[in-house]
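Let me begin by presenting the structure, written as structure tokens, before commenting on it.
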Amino acid sequence: MAAVAESLDKAALSCRRRAEFILVNMDNRSPDGTRARFLAASTRLPKVGLQTAPGILGKGANLRLLFEYAVAQRADAAITIDADLEIVPPEWIDTFLTAVMDNGAGIAVPLYGRTWYDANQTNQLVAPLVLAITGQPVRQPIGGDYAFSPAFMRRILEKQWLPGAQGFGIDPFLVLTGLEGSDLVQVLLTGGKFHSWRSDTPEQIEDEFPIKFHTSNSTLFTLLAAWPQACGELPSFPATPEIDRSFEKPYDLKLMRAAGELGFEREAGNPEYAALLGGAAAGPPDVDDDIWARVLVTVLERARSGRLSYELLEAFRALFFSRVATVQPGLHGLSQAEIDQHVYAVAQAIRKRVPSDV
């Protein structure tokens, strides 16, 4: 946290725009000392540490707190940067501010490169599904790094929030609100996104992932279930810039296969697992584009009928890891353009299964 605060301090102070900046940390009163480390960081810019009320948890709750603060301060813009980034290129600040303050964006979302083993939810689930249903090629819809105008922040505060939006569902909630208001823009951010390593073992993935997966996807599917189905040919994603591959870390391709095995062991007896897969399986299945598209559309239809249950999402989570284990070896060594093509192919597979008049 201190390193990110210091990087942001340098980035903001090197910004070409003459502006007054405040570094803000939002915290759910976590016991790990994050807020203290942030406030103790060596920065020249002023810092503010905001905390949600006792018992109020979630990423979305933190962002609501930021929006309330920024609106009360009459800020011209707010920028969010993930707290686990290892690099914050200085030009990101200028790019974000230009989009919001000069070019009329309500929300600016990033267009940056990611490593081949990163952004699995983005690549296999959120980006292709948003494109297939809305017809909008938002390449990084849950990137976490955004900029917001005052008008957008007021609008988001006035909306009725789904329960999942208080947690990790905030990202699809923000992005789909931007698409709904036609004031979302994608901005090219150089350097790529590199964040600290998260889970090293399948057991750590099991501990970390459920609440993220449930809140994010319950929100995503609920919102898309009510979205008017886009018609016509799907537009291509904007070109993603290449990353500096020297920042890539060693990655064990067996990790997601092991996570898929754990998921199968946990969910094989869940009737929802067989229903999503289209039949019983003797072991963790290989999930190709066609099978995966059927799974996604089935979950979407369940959301449309108000039957997005915990049991369904758990079965879906297990199949997600099997999907990643199936495709990840083929992504190794691909260019950003080739990964974009892979994500676009998933969107096309989804579109083929979704009637245009839904």
Side-chain angles (χ1 to χ4, degrees), residues 19-29 48-82 96-110 126 129-130 133-136 138 140-187 211-212 214-230 303-304 306 308:
E20 295 181 9
F21 293 94
I22 300 175
L23 300 177
V24 183
N25 171 245
M26 292 81 67
D27 185 71
N28 292 143
R29 300 178 183 267
V48 172
L50 303 178
Q51 291 184 312
T52 54
I56 303 299
L57 304 177
K59 178 181 178 181
N62 280 338
L63 283 173
R64 178 187 280 275
L65 190 64
L66 171 66
F67 298 150
E68 291 170 346
Y69 175 79
V71 169
Q73 294 294 315
R74 298 185 179 181
D76 294 317
I79 299 172
T80 59
I81 299 294
D82 273 353
F96 269 140
L97 290 180
T98 297
V100 169
M101 297 177 67
D102 296 340
N103 297 339
I107 175 174
V109 302
V126 188
L129 195 60
V130 168
I133 303 304
T134 72
Q136 300 297 318
V138 185
Q140 296 291 336
I142 55 171
D145 309 300
Y146 308 112
F148 309 97
S149 72
F152 183 89
M153 290 188 283
R154 288 192 296 270
R155 188 164 89 240
I156 207 76
L157 288 171
E158 292 168 358
K159 285 182 70 71
Q160 182 176 355
W161 286 39
L162 295 172
Q166 295 285 345
F168 288 94
I170 186 63
D171 293 81
F173 181 60
L174 293 171
V175 167
L176 289 170
T177 297
L179 291 180
E180 182 182 55
S182 301
D183 57 354
L184 178 147
V185 301
Q186 299 180 78
V187 295
I211 190 168
K212 291 184 177 181
H214 278 250
T215 57
S216 177
N217 288 295
S218 63
T219 305
L220 174 69
F221 280 91
T222 298
L223 292 172
L224 288 180
W227 200 278
Q229 170 66 40
R304 287 194 172 116
L308 203 60

- Query: What's the spacing between L179 CG and L174 CG if we round to 0.5 Å?
  - Reply: 11.0 Å
Name each donor-acceptor pair under 3.5 Å that joins a side chain in residues 74-82 to protein atoms two or more places apart or in another chain, with its distance.
residue	atom	partner	partner atom	Å
T80	OG1	G144	O	3.3
T80	OG1	Y146	N	3.2
D82	OD2	K193	NZ	2.7

Sequence neighbours left out, cut at 3.5 Å: what donor-acceptor pairs do the side chains of residues 97-109 make with other protein atoms?
residue	atom	partner	partner atom	Å
T98	OG1	D94	O	2.9
D102	OD1	R17	NH2	3.4
D102	OD2	R17	NH2	2.7

- Please report the shortest heavy-atom distance between L224 and R304, naming the atom on each side. O-NH2, 4.2 Å
- Message: Can you give me the closest heavy-atom contact between P141 and V138, atom names plus distance?
- Response: CD-O, 3.3 Å
- Task: Rounded to the nearest 0.5 Å, what's the gap from CG on L223 to OG1 on T134? Could you check?
- Result: 11.5 Å
- Message: I'd like to know whether L66 forms a side-chain contact (heavy atoms from CB on, under 4.5 Å) with L63, so could you lay out the CA-CA distance, the side-chain angles of the two residues, the decisive distance to 0.1 Å, and finally the verdict.
- Response: CA-CA 5 Å; L66 171 66; L63 283 173; 4.1 Å; yes
- Task: Could you list the residues that satisfy ring pair (Phe, Tyr, Trp, His ring centres under 6.0 Å) with F152, not counting sequence neighbours?
- Result: F148
- Message: Just so I know, are the side chains of L129 and L220 near enough to count as touching, which here means a heavy-atom distance under 4.5 Å?
- Response: yes
- Query: Looking at CD of Q136 and CD of Q186, how far apart are the two atoms once the value is rounded to the nearest 0.5 Å?
  - Reply: 9.0 Å
- Who pairs with I211 by side-chain contact (heavy atoms from CB on, under 4.5 Å), at least two apart in sequence or on another chain? T215
- N28: what forms a side chain to side chain donor-acceptor pair (under 3.5 Å) with it, not counting sequence neighbours? T52, N62
- Query: For F221, which residues count as a ring pair (Phe, Tyr, Trp, His ring centres under 6.0 Å) partner, sequence neighbours excluded?
  - Reply: F316
- Taking only residues two or more places apart in sequence or in another chain, which ones pass side-chain contact (heavy atoms from CB on, under 4.5 Å) with I142? Q121, T122, V126, D171, P172
- Message: To the nearest 0.5 Å, what is the distance between CD1 on I133 and CG on L176?
- Response: 11.0 Å
- Message: Can you list everything that forms a side-chain contact (heavy atoms from CB on, under 4.5 Å) with I22? Sequence neighbours excluded, please.
- Response: V24, P46, V48, Y69
- Sort and list the pairs that fulfil side-chain hydrogen bond (donor to acceptor under 3.5 Å, both in side chains) and have at least one residue in residues 149-168, not counting sequence neighbours. R155-D183, K159-E180
